Amino acid sequence: MSIQIIDGKAIADEIKKEIAIEVASMIDKDEKAPHLAAIIVGEDAASQTYVASKEKACKSVGITSSVYKLPASTSEKELLDVVHFLNQDLDVDGYIVQLPLPDHIDEQKILLAINPAKDVDGFHPENAGRMMLGLPAYLPATPFGIMELLKRSKIETAAKHVVVIGRSNIVGTPISVMLSRKAQNANATVTLCHSRTKNLKDITLQADILIAAIGKVGFVTADMVKPGATVIDVGIHRVEDVGKEKGYYLTGDVDYEEVAKKASAITPVPGGIGPMTIVSLLQNTLLASKRVIYS
Ligand code: GUN
């Protein structure tokens with residue numbers, strides 16, 4: 001069976017070009033460039049890498065970016081002060097608080113304090129609720145990226161059975177809602193599986209589109225995949241390997257080599273969903289600067 005390896009990086013690059021054109025036309029009209037800010041608390045290596053990638057991506061399309069780097073010892077009150085500052089800052093169109101936060105900070109309390117009109121991660125309950133109801137909302141970047149990738153790869157979702165593994169607030173739960181909605185590029189029948197699901201393999205074998213978002217290396221094996229299915233791998237893991245220049249390699253939630261022999265389409269790691277997530281944040285920042293969701 002010939003396999004379509006879905007090139008998330010190429011699709012993300014195409015979207016970046018579209019964003020860059022829009023930003024350039026704003027600047028031509030003497031409008032301010034969109035401005036994304038990020039708050040990062042502590043020294044988590046993966047978070048540092050994500051924020052650096054977001055900054056680089058902003059630069060590549062002409063979006064202004066600023067990063068507030070706070071020490072791990074920052075108190076909840078100090079972090080709330082920065083959030084309140086950014087809520088007020090007229091120059092900042094949208095911002096994110098990079099997760100995870102240190103244990104002594106209540107994540108929900110911080111997310112609730114973000115002005116929903118600037119919540120380009122779509123993590124505030126107001127945006128999550130709007131999304132659930134099909135109202136204009138900032139969509140969380142990873143599910144937004146998956147939707148865009150399926151659409152641009154011309155993978156039909158209407159009437160298909162989508163099986164999602166993992167029920168996180170960031171990926172599994174929102175993508176299940178988005179794909180089951182009565183809307184273009186959705187209309188799927190969705191089954192959301194998680195750690196308490198019985199007979200997981202029986203369910204995944206029914207998937208026309210299988211979305212792996214569990215956060216476990218190589219969790220989805222070939223025996224769980226229906227021949228001809230589309231497989232979307234949301235996982236991204238660093239596996240130590242002294243033989244590699246960086247001392248590690250990146251891999252996903254899917255046993256790529258074996259599953260690729262069975263699937264009709266698959267996203268690689270890296271170069272699949274990762275670049276789509278970053279570009280979705282840029283799309284949300286552009287929407288924020290144009291006041292599309294909240295006028
Ligand atoms: N941590 C892991 N993914 C994300 C994300 O999309 N946004 C934020 N703010 N933190 C994250």
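Atoms within each ligand, like the ligands themselves, are counted from 1 in listed order. Side chains included, hydrogens not; waters and symmetry mates left out as well; all remaining heavy atoms used. Owing to the predicted nature of the structure, the values given are computational and were not obtained by experimental measurement.
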Please determine whether a side-chain nitrogen of the Lys or Arg among Arg152 and Glu148 lies less than 4.0 Å from a carboxylate oxygen of the Asp or Glu.
yes
Whether Lys290 and Asp93 form a salt bridge (side-chain N of Lys/Arg under 4.0 Å from carboxylate O of Asp/Glu) is what I want to check.
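No salt bridge links Asp93 with Lys290.
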How close do Ala207 and Val163 get, heavy atom to heavy atom, and via which atoms?
CB-CG2, 3.5 Å
Shortest protein heavy-atom distance from [atom], along with the residue and atom involved:
atom	result
atom 4 (C) of ligand 1	Gln98 NE2, 4.1 Å
atom 9 (N) of ligand 1	Asp121 OD2, 2.6 Å
atom 1 (N) of ligand 1	Leu99 O, 2.9 Å

With Arg130 as the cation and Tyr138 as the aromatic partner, state whether NZ or CZ is under 6.0 Å from the six-membered ring centre and within 45° of the axis.
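Cation-pi check for Arg130 and Tyr138: fails.
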Taking 4.0 angstrom as the limit and counting only heavy atoms of Val97, give me the atoms of ligand 1 inside it, by number and element.
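This gives 8 (C), 9 (N) as the contact atoms.
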